[in-house]
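Just follow the structure's listing: the first ligand is 1, and inside any ligand the first atom is 1.
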Amino acid sequence: MAETLHRLRSWLGVLLVAMVLPAASVSVASADQPDGEVGTQIVGGTRASTSTYPWVVYLATSSGFQYCGGTLVAPNKVVTAAHCTEGDSPSAVRVVAGRDDKNSTAGTVAKVTKIWIHPSYQDVTIGNDVSVLTLDRNLSQRTIPFATSADSALYAAGTSSRILGWGTTSSGGSASRYLLTATVPLTSNSTCKTAYGTDFNATHMVCAGYSQGGTDTCQGDSGGPLVAGGKLIGITSWGEGCADAGYPGVYSRVSTYATAIQQQINS
Ligand code: 4AZ
């Protein structure tokens, strides 16, 4: 599967924490998150409900392992990252909606009948990290509109944006059992250029995070939403580590891909 390398990285992190460094590497997290408890510390996140954010979904393998996020933009269409679906067969992917707790059976599990990957996608640092999934049914969950070329104001530096996901709570740490959310300010393009140099392309990407770090998306959040002004403006894509000062999270700039996404919705 395409997510193999990506997932392997997450798994290695989990394995290291679980088997090799049981006490040491979870030091902060374990103090704040007793088993079965909710963390508020995790890369600055807090618990959220899919009742509040019904359009946030996660991608899982056929055995139920959550590996990426996604956003419902039409009853049977999910926007996610190309690096989440690259090389995957539609039959291998499940979309889970309406389930805050991965250990529950709440909500709906849809199958995927088609995976569209941006034809120019090669690598997250080049851009085009966009994919649209077609589901085998229309979901009842509310959808969210996505940014178009008319929404450039939503990308102003300093705009408060919301990140959501079930990913890891620290770089190389373990994934969250529960849906988490946080708000982060969009950075300027020059700030992101300073962090990432030629890997940052302002046409294809937008960055978000505090200069001091502390709040960010992380492994397993990829493909999930960055929301501002009631619209999907970004797709969680990449970054150096997670929540590190000077290294904001990088998101696919949805307005750049609005026409392509709309074509997939219409298809
Ligand atoms: C990842 O590997 C990933 N801090 C997602 C987001 C960020 C870094 C890595 C941003 O899925």
Original post:
Linking I/L/V/M/F/W/Y whenever their side-chain heavy atoms sit closer than 4.5 Å, directly or via other members, would Phe65 and Val109 fall into one cluster?
Top reply: yes

Original post:
What part of Cys218, side chain, backbone, both or neither, has a heavy atom within less than 4.0 angstrom of ligand 1?
Top reply: backbone

Original post:
Going by the atom numbers of ligand 1, which of them fall below 4.0 Å from some non-hydrogen atom of Asp216?
Top reply: 4 (N), 10 (C)

Original post:
Is ligand 1 less than 4.0 angstrom away from at least one heavy atom of Asp221?
Top reply: no

**OP:** Would you please name every residue forming a side-chain contact (heavy atoms from CB on, under 4.5 Å) with Ser161, sequence neighbours left out?
**Re:** Val184, Leu186, Ala208, Leu226, Ala228

**OP:** Examine Thr236 against ligand 1 and note whether any of their N/O atoms are separated by less than 3.5 Å.
**Re:** no

Subject >> Residue pair Thr191, Ser188: steps toward the side chain to side chain donor-acceptor pair (under 3.5 Å) verdict >> reply: CA-CA 5 Å; Thr191 293; Ser188 67; 2.9 Å; yes

Subject >> Part of Trp238 within contact of ligand 1 (heavy atoms, under 4.0 Å) >> reply: backbone

Original post:
If only atom types and distance count, is the side chain of Asp136 paired as donor or acceptor with the main-chain N or O of Ala110 below 3.5 Å?
Top reply: no

Original post:
Mind checking whether Val95 and Val112 have side chains closer than 4.5 Å, heavy atoms only?
Top reply: yes

Original post:
Where on Thr217 is there a heavy atom closer than 4.0 Å to ligand 1, on the side chain, on the backbone, on both, or on neither?
Top reply: both

Subject >> Sub-4.0 Å heavy-atom contact, Gly220 with ligand 1 >> reply: yes

Subject >> Atoms in ligand 1 with a heavy atom of Gly241 nearer than 4.0 Å >> reply: 4 (N), 8 (C)

Original post:
Less than 6.0 Å separating the ring centroids of Tyr196 and Tyr247?
Top reply: yes

